[in-house]
Amino acid sequence: MQILFVYPQYPNTFWSFKYALKLVSKKALYPPLGLLTVAAMLPGEWEKKFIDMNVTALSDGDIMWADYVFISAMDVQINSAREVIARCNQLGAKIVAGGPLFTTRHEEFSGVDHFVLGEAEVTLAPFLADLTKGCAKPIYASGERPEISNTPLPLWSLVDMKHYASMNIQYSRGCPFDCEFCDIVFLYGHLPRTKSSKQVVSELEAIYTRGWRGQILFVDDNFIGNKEKLKKEILPAIIKWSKGRKYPFYFMTQASINLAGDEELMQLMTEAGFNKVFIGIESPNEESLEECNKFNNTRRDLVDSVKRIQNHGLEVQGGFIVGFDSDPPSIFEQQIDFVQKSGIVTAMINILNAPHGTKLYQRLKTENRLLSESSGNTTDGSLNFVHRMDSESLINGYRQVLNTIYSPMSYYERVHTFYEQYRPQIKSTPKIQFISIVWLFKSLWFLGVVENGRKYFWKLIISTLIKYPRFLMMSIRFSIYRLHFYKLTQELYEVETHAPVIQLPEELLEKAHV
C-alpha cells in the first residue's frame with residue numbers, strides 16, 4: 001500500500017514560536033513523533049510519504065497518490081485537521097485518524113473512514129490485520145495502558161531534519177499527579193510507563209546517525225515521574241553515551257516542581273546534558289492550586305524552588321494560568337510579581353480552559369458552565385466556560401499580564417535575574433555551524449536595528465559581554481523569544497480590542513452559581 005502521513009498546521013500561539021523560527025531559518029519546532037512512530041509500525045514493504053503542514057504544503061497530488069491518508073493531531077490543530085479531512089473527502093481519499101484530538105473527540109468528526117484511538121501499541125495491529133483482510137471497522141479503541149518497552153524507533157528517514165529547531169524523544173507516558181485541567185491522565189494514565197536505557201540510547205544513536213546536532217526534547221509530560229529508574233538506569237546510560245559521543249546534544253524536558261528537592265537527580269540531569277526544564281507553576285495563589293488539585297505545588301516556596309533548579313544549571317521555563325474560580329482580583333499583579341521575582345524568562349501565561357476528557361470539563365458540565373469545546377489555544381483570549389470572574393475583567397487582566405511581562409524593560413530585567421541564579425554545568429558544546437553564524441548576524445540586525453526595544457536589547461548584549469560573556473548566545477536566544485511573545489501579544493490585542501465581551505443569560509449564571 002501507499003500511505004501518506006499528514007500532520008496539520010498549528011495556529012500562531014506562544015507555543016508555535018512562529019516569529020522566532022523565522023529568525024533562525026527554521027520552519028517548525030519539532031517533528032511529529034507520534035506519526036513517525038506509527039510509520040515504523042507499518043509493514044516495511046509499504047510505501048510511505050510524510051507531510052508536516054507546518055513545513056511543507058499539502059498538495060492534491062500527495063493526497064491522490066495515497067491508498068490511505070493517516071492523520072494525527074492535537075486539539076490546537078483542530079481547524080487544520082478539519083480542512084485536511086474535507087480535502088481528502090473531496091478527492092476520494094480514505095482516511096485513518098488517531099492521536100490525542102481524535103481519541104478524546106472523534107464523535108465530532110465526519111468523513112473519517114477509520115479511527116484508531118488510544119495508544120497505537122494496542123489498537124494499530126488489529127486495524128492492520130482487518131485492513132489486510134478487507135474487513136476494517138470504523139473504530140478501534142482501547143483503554144489499555146501498554147508497556148512501551150517494545151515501541152519501535154521512529155522512522156526518521158521520512159523527515160528532513162534541517163527544517164526543525166529541535167528533535168524529540170519519548171521516554172515515558174503517564175503522570176503520577178492529577179491536575180484537574182490536564183488530560184494527560186485521561187490519555188495515558190497515572191502510572192508512568194517507561195522505556196529501557198537500551199531503547200533510549202538507541203533512539204539517541206539513531207538521531208545522531210542522521211546527522212543531527214543540538215537540542216533534543218524529551219516529550220514526556222513528567223520526565224521525573226519515576227525518579228529511581230532515572231537515577232539508577234536512564235541518566236547514567238545517557239551520560240555514558242553522551243561522553244562517548246563528546247556531548248553532541250543538549251536536552252530539554254518537562255518536569256514537576258518537586259525536582260527542586262532532589263539534589264542527586266538535578267546533578268545527574270545536568271551531567272547528562274539537560275539544560276532546560278519546563279515546569280507548570282500555574283499560580284502563586286495557594287487556593288487556586290488546591291482548587292485544581294495541583295497539591296505538588298502547595299506548601300512550598302515556589303520562587304525558592306525555581307532558584308534552586310536554576311542554581312543547578314537547569315533553565316526553568318514556566319507555565320502559568322489565570323481564570324481559576326479561586327483567583328482573587330489581585331491575581332494578575334501576583335502573577336506579574338512572581339514571574340519577575342522568579343527569573344523565569346520564558347513564561348507562558350494562559351487563560352484556563354477545560355479540555356474534553358479532563359476532570360475540569362466533567363465538573364463544569366455538571367455545573368452547567370460549559371460554553372463550547374476547547375480550541376486548545378489558551379493564549380487567544382477565548383473562553384470555553386463561564387468563569388467566576390467576569391469575562392471583561394479576566395480578559396483585561398490577562399492582557400495586562402502579557403503587556404507587562406513581555407515589555408522590553410520587564411523581560412530583560414528577568415534575564416538579568418536569571419543570570420544571577422544560573423550556574424550552568426557545561427560539558428561540551430556542539431560545533432558552531434555556518435547556519436548559526438548566519439542567524440546570529442541576522443538576529444543582531446533585526447533585534448538591534450529594526451525592531452522595537454532596541455535600547456534594551458543592546459544594553460543586555462553589552463552587559464552580557466561584560467559580566468557573563470559565555471551567555472552571549474543565550475542572550476540572543478532570549479531576545480528572539482521576546483520578539484515572538486511581543487509580536488503575538490500585539491496581534492492578540494489588535495484582534496481582541498474589537499471582540500465583544502461575553503454576555504450570558506441570567507438563568508445560566510444562576511445555574512452556575514456565578
Side-chain angles (χ1 to χ4, degrees), residues 10-16 74-79 179-183 278-285 287-289 291-294 297 317-339 344 346-361 363-365 367 369-406 484-504 509 512 514:
Y10 286 104
N12 191 15
T13 71
F14 290 136
W15 305 93
S16 71
M74 294 188 285
D75 279 5
V76 75
Q77 296 163 283
I78 187 168
N79 291 333
C179 302
E180 187 186 38
F181 55 80
C182 183
D183 61 1
F278 181 90
I279 294 176
I281 304 292
E282 318 314 356
S283 179
N285 185 50
E287 290 78 14
S288 300
L289 294 173
E291 172 196 321
C292 68
N293 296 333
K294 194 86 178 185
N297 286 27
Q317 300 184 347
F320 299 86
I321 297 174
V322 294
F324 292 109
D325 287 351
S326 301
D327 279 354
S330 62
I331 188 61
F332 308 107
E333 291 293 342
Q334 289 179 33
Q335 290 280 22
I336 292 168
D337 186 58
F338 182 93
V339 170
I344 297 178
T346 307
M348 306 288 203
I349 314 292
N350 308 280
I351 293 181
L352 182 66
N353 269 244
H356 196 102
T358 61
K359 289 188 174 181
L360 175 61
Y361 183 95
R363 173 168 69 83
L364 295 170
K365 187 176 182 180
E367 295 174 2
R369 292 170 62 184
L370 286 174
L371 296 171
S372 63
E373 293 291 342
S374 171
S375 68
N377 187 349
T378 55
T379 59
D380 65 356
S382 60
L383 309 178
N384 85 317
F385 70 92
V386 182
H387 290 256
R388 295 216 182 271
M389 184 181 295
D390 72 270
S391 60
E392 184 174 15
S393 298
L394 177 56
I395 292 173
N396 286 337
Y398 180 59
R399 288 173 173 169
Q400 175 196 353
V401 176
L402 298 184
N403 190 47
T404 304
I405 69 170
Y406 299 141
H484 171 72
F485 298 144
Y486 178 80
K487 277 187 169 291
L488 183 59
T489 299
Q490 296 310 299
E491 277 187 19
L492 295 177
Y493 272 82
E494 188 68 25
V495 172
E496 292 179 5
T497 299
H498 307 100
V501 175
I502 297 172
Q503 298 293 340
L504 298 163
L509 293 174
V514 176

Compare every heavy atom of [Y] with every heavy atom of [X], then report the nearest pair and how far apart it is.
{"X": "D325", "Y": "R363", "value": "OD2-NH1, 3.6 Å"}
{"X": "T379", "Y": "I349", "value": "CG2-O, 4.1 Å"}
{"X": "T489", "Y": "N403", "value": "CG2-N, 4.5 Å"}
{"X": "D327", "Y": "S288", "value": "OD1-OG, 2.6 Å"}
{"X": "H356", "Y": "D183", "value": "O-CB, 4.4 Å"}
{"X": "G376", "Y": "D75", "value": "CA-CB, 3.9 Å"}

Just verifying a value: how many Å separate [X] [atom1] and [Y] [atom2], rounded to the nearest 0.5 Å?
{"X": "L402", "Y": "R399", "atom1": "CG", "atom2": "CZ", "value": "10.0 Å"}
{"X": "C182", "Y": "L360", "atom1": "SG", "atom2": "CG", "value": "11.0 Å"}
{"X": "F332", "Y": "T404", "atom1": "CZ", "atom2": "OG1", "value": "11.5 Å"}
{"X": "L364", "Y": "E367", "atom1": "CG", "atom2": "CD", "value": "6.0 Å"}
{"X": "I279", "Y": "N297", "atom1": "CD1", "atom2": "CG", "value": "8.5 Å"}

Partners passing side-chain hydrogen bond (donor to acceptor under 3.5 Å, both in side chains) against [X] (at least two apart in sequence or in another chain):
{"X": "E287", "value": "none"}
{"X": "S326", "value": "E291"}
{"X": "Q317", "value": "E315"}
{"X": "S16", "value": "N12"}

**OP:** Check whether any side-chain N or O of Q77 sits under 3.5 Å from a backbone N or O of M74 as a donor-acceptor pair, and report yes or no.
**Re:**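 Flag set: sc Q77 to bb M74 pair under 3.5 Å.
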
Original post:
Between T358 (side chain) and Y361 (backbone), is there a donor-acceptor pair under 3.5 Å?
Top reply: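 Side chain of T358 to backbone of Y361, a donor-acceptor pair under 3.5 Å: yes, one is there.
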
May I ask you to test the [X]-[Y] pair for a side-chain heavy-atom distance under 4.5 Å?
{"X": "Q335", "Y": "Q400", "value": "no"}
{"X": "I78", "Y": "E373", "value": "no"}
{"X": "F338", "Y": "F320", "value": "yes"}
{"X": "P328", "Y": "Q334", "value": "yes"}
{"X": "S283", "Y": "I321", "value": "no"}
{"X": "F485", "Y": "T346", "value": "yes"}
{"X": "M389", "Y": "I331", "value": "yes"}
{"X": "F385", "Y": "L352", "value": "yes"}

Original post:
For C292, what residues pass the side chain to side chain contact (heavy atoms under 4.5 Å, CB included) criterion, not counting sequence neighbours?
Top reply: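 So C292 forms a side chain to side chain contact (heavy atoms under 4.5 Å, CB included) with E180, F181, K294, F324.
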
**OP:** Tell me, please, which residues at least two apart from S374 pass side chain to side chain contact (heavy atoms under 4.5 Å, CB included).
**Re:**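 Result, side chain to side chain contact (heavy atoms under 4.5 Å, CB included) vs S374: N353, N384.
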
**OP:** Using the side chain to side chain contact (heavy atoms under 4.5 Å, CB included) rule, take I351 and H387 through it: C-alpha gap first, then chi angles, then the decisive distance, then the call.
**Re:** CA-CA 10 Å; I351 293 181; H387 290 256; 4.3 Å; yes

Original post:
So, H484 versus Y486, ring centres under 6.0 angstrom or not?
Top reply: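 Aromatic pair excluded; centres sit 6.0 Å or further apart.
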
